[in-house]
Structures are given as C-alpha cells and as structure tokens.
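Notes to accompany the following structure.
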Amino acid sequence: MKSISDEPGISEPYLLGFLTSVGLDVEYTRAEGNTLFFRGEDGEEVPVLDAAGGYGSLIFGHNHPELVARARRLLDEGAPVNAQFSRNSCAQQVAALLSGIVRRETGSTETYAAIFANSGAEAIEAAVKHAELDRVLQVQALVAELAEHTAAARAAVEAGEAALPAGGHQDFEALAEEVSRANAVVGSRPPVFLTLEGSFHGKLVGSVQLTHNTAYRTPFGALANRARFVPLDRPSAVGEIIAEESAALRDIVVRDGVVTLVERPFPLVAAFLLEPIQGEGGIVPLTREFAATVRRECDAAGIPLVIDEIQSGMGRTGAFLASSLIGLRGDYYVLAKSLGGGLAKTSAMLVRSGRYRHEFELVHSSTFAKDGFSTPIALKVLEMLEADGGRAYGIARERGARLAEALEGVRADFPDVVKEVRGKGLMLGLEFHDQSESSSDTVRDGARSGLLGYTLSGYLLREHRVRTFPTASAGNTLRFAPSIHLTDGEIERLADALRAVASVLRDEDEKRLTGG
Ligand code: PMP
C-alpha cells in the first residue's frame, strides 16, 4: 500500500517544481554564520555562502552561539513557553528597550507601546487594526459631539434664542434630518489606506492589499479595504491623494444667534504605511525629501504614519531604524525578522503613546504571540545589538560599506550588464540591465517572464555555491542581506561569483548559465 510519505509533493508541489527547474531545490542540513551546508552525492557537507540571510532575518547569522545558548538554556530550564494571559517580564523588557531605542534614534519624547505578533505581515495587520480602531473611536467621539451640538441648537431654536438660516429650511427638524442623512453617507464610507508604489507589507488578507505587486494583490481585492498607491517619483502626489481622500461631516451649531452648518474633517484615511527602504520592491531607499513630504502631509491631515521596518530595521542599515537615517519619525513602527534572532518567530508593532488605544489589548491577541520562548530570545538579540554602545550598528555600517564597494566594483567592470547598486548598510541590491533582447533563450525568456533573477540565483548556487535571490517584486535585482559577521573573504567570493554571472550575461552564454 502506498503511504502518504510516498506521495510526491503534498506541500507546495508546484513551487518545488519551479525551484527544481532553476536548480534551487537544495535541502540544507546545517547552518552556521553566513554559511548553509547541504550534503553532496558523496555524503560530504558542501558549504554555501548565504548572502540572502534568511531574507534579512539573520543579523547575527545562522545559529549564533550566544543565541543558541540562550535558547538551549530556556529549554533545559523548562521555561514556560505557552502561558498566555500571565505576567511576562521578558516581554516588558523587550518593549521598554524597543521604546527607548526608538526614542534615542528619533528624539521622540513619547514612549512607544508594544503589541507582539508572530510574523511580519501579522504585525502589519495589528498596526492596521489598531489604526482602524483609533479612527473608529475618533469617529464615535465626533458623532457624539455633533449630536450634542444638534441638541443644543434645537434647544436654542425652541427657546427662541436662535434663528434658522435665511433661505434654507424653515423647520429645524427637517434641517437636522437632512444633515443626519448626509452625515450617515459619509460615516459609512470604508477607510482608505495609503502606501507607496513598489511597497511590500505582507501577504495576509489585509496586508496584501497594501502590497503593490498586482499578482499578489489583485485576486484578493474583494477581501479587504482599499489602498491607494502613491508614486515615488512625484512627491506632490502625496498631498493630492490625501486631498482626494478627504471627507467632512456637517456640524449644526449656533453662531451669533443663527443656526449654522460647519464642516468638520472626517477621518477617512486610517493610516499611511511605508518602508524607509523598499525591500521586495527592489532595495529602493526613500529620499529624505520624500519622507519629509509624507510626514508633513500626514501631520496636516492627522493621518498616522506606520513605518514598516520589518526588513530594514533591527540594525541592518547601520542604525536600529533605517527611517532614523533620513530623519523620518513614525507614529507606529513594525519590526520582525531579526527580532527572533533566526531561532524564534516573533514580531512587534509599536505605537506612540499619544496615538495608543489601550482598548486594543482586549480585542487583539494570538495564541502564540509574546510567548515564553520568543521574548527572551528577542531580549537577547536587543542586548547584543546594544552592547558596547551599539557596536553592532557600527559593524553593519562598516561591513555594508565594504560590501557596497565590492558590488560597485562589479558594476564598474560590467556597466553594460549591471545597472545599479542600491541600499544602505547590509541591505543591498544589485540591479541588472534589461535582458529581454538577449540572444540566449533562457536569459531572454527569463527576463520577459520576470523570473531571470531566479535562473541567475540557480547558476550562482550551482557554480559558485553562493545563495541569493531576486527581490519579490523586482526580478532584475538580486538582494544581499548577510549578517554583520560577513568577512572580507566572503565579500570577495560574492563579488567573484557576481562577476561570473555578469560575464555570462555579457557573453549571452546559454551553456554556462544552464550548465548544459
Ligand atoms: N513588510 C516588509 C517590508 C517585508 O520585507 C516583509 C517580508 N519580506 C513583510 C512585511 C512580511 O513579513 P512576513 O514574511 O514575516 O509576513
């Protein structure tokens, strides 16, 4: 009888088939630092330089000894992992550290409250939900205030202390009824979220609507609220779109003895979300000027700004927050990836105290969030980042500069193949020129389908034992997110491998690329 384990590909068989087709279907058996190992046909371990760094979740590399020791001790000591709804002092310490770091880097005088989650997208959804709760509570307060004003105006009219406006309704109740109907129409409009073209904020039901990539987003458009995408190359669009998405309620008040209608801004935009360096969009740093425009326009309209530091945060760019390097301050921050030290799944969203709604704590939770395993690991990660006056940030900056220099060297040797090197610190990308006219069938077809980056990654793995990937939504850009322990030798190996890729593309060498 056939057992279930004989069935081919029960788990994502199509994806596995794709990985096989480009030579990326390797099963890794061990990991250490910036190296992954698989077993070759002779049973020997084959080391692979991991430049993809768990897509940015390994600021200290695979299985860092101090983090492994912490994890081991937790298990050896029988630490309670799932003890929901109890005091968790590690979570408190993590939250306090995160708040303190954000304050230090941004100069904020407010504290930041932390809500824990399990993944990046989940923490984005927590931020979205919190922003919506805040908006709904604002709307409720506004509606209650308007009702009070209407009652006061009604009383003034009945007492003969206020007149109805000339040329309008001569019956207060008819006026109140019309205003109430108009306000109900505005009040029932669903919220809108603003984000940027090229953005990636996750793939869950809500967060995928904030992810610009149409293949990910559009099949699920009916499931969640509307987002509008602001073009990155036109800062004036920020204000224009906010103006288009503005709405107002009518407030009935008495002014100088006359019943008067006053427009009150209605909060329709629940939040503006952005990445300070777009990761999946192709490693695209926001400019200081664009960031300042978003901050100014959000402040003017009372819109909270959610800064998604899931990929750029946790020290990778040379500061804890990449946004702090461009002088951008958020009302919310979202962190994940390296927060779990490569061992635990955890994420957190932080909310500035002036925006925080404690009501959220009673309506949002997860069985696994803020558990007794991930929070002590996160605490250890933060202690390691902050040790010796934040030495790790300096290393990320220095190693990043060295890596960027090496990548620029590749570009200088192959300017006809390599278009640009972008990013900050250890969040770097290398974009190739369009290859859709290549005489190599594999290169041309790959470029036209947007999958060439995967073919190049397969080549790098097979021929050079280097692991990297294209970014999710910009297939022409290879990503590099290694740990801060990246050595000069590893940088050299990576640069040599990329030179080989570039020469394959320059020579349009189908045979070398496919190994055929
Ligand atoms: N936001 C950003 C900026 C990301 O880079 C990612 C993951 N690549 C996410 C959100 C989603 O995180 P996760 O994969 O943990 O859901």
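One-based numbering, in listed order, for ligands and for the atoms of each.
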Sub-3.5 Å N/O-N/O distance, [X] and ligand 1:
X    : result
I310 : no
E275 : no
A121 : yes

Using a strict 4.0 Å threshold on nitrogen-to-oxygen distance, state whether [X] and [Y] make a salt bridge.
X    : Y    : answer
E386 : R104 : yes
D331 : R295 : yes
E245 : R226 : yes
E408 : R411 : yes
R135 : E132 : yes

* Asked: Should the proximity of Y55 to ligand 1, defined as any heavy atom under 4.0 Å, be assigned to the side chain, the backbone, both, or neither?
  ->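 The answer is neither; Y55 stays 4.0 Å or more away.
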* Which one holds for H201 and ligand 1: side chain close, backbone close, both close, or neither close, with close meaning a heavy atom under 4.0 Å? ->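 For H201, only backbone atoms sit under 4.0 Å from ligand 1.
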* T442 versus L452, closest heavy-atom pair with distance ->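 For T442 and L452, the tightest heavy-atom pair comes out as O-CD1, 4.5 Å.
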* Proximal atoms of ligand 1 relative to G120 (non-hydrogen, under 4.0 Å) ->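 Listed by number with element, the hits are 12 (O), 13 (P), 15 (O), 16 (O).
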* **Non-hydrogen protein atom less than 4.0 angstrom from atom 12 (O) of ligand 1** =>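 Yes, there is one.
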* Do N213 and T211 meet the criterion of a side-chain donor-acceptor pair at a distance under 3.5 Å? ->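 T211 and N213 do not have a side-chain donor-acceptor pair below 3.5 Å.
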* Between E309 and S323, a side-chain donor and acceptor under 3.5 Å ->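 There is such a pair (donor and acceptor under 3.5 Å, judged by atom type) between the side chains of E309 and S323.
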* **Test item, E122 contacting ligand 1 (heavy atom, 4.0 angstrom)** =>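 Under 4.0 Å: no for E122.
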* Distance from atom 5 (O) of ligand 1 to nearest protein heavy atom, with residue and atom ->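 The protein heavy atom lying closest is Q311 NE2, 2.7 Å.
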* Provide, to 0.1 Å, the distance between atom 7 (C) of ligand 1 and the closest protein heavy atom, together with that atom's residue and name. =>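 The answer is K337 NZ, 3.4 Å.
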* Heavy-atom distance to atom 3 (C) of ligand 1: which of D308, L273, L210 wins? ->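 Considering heavy atoms of D308, L273, L210, the nearest to atom 3 (C) of ligand 1 sits in D308.
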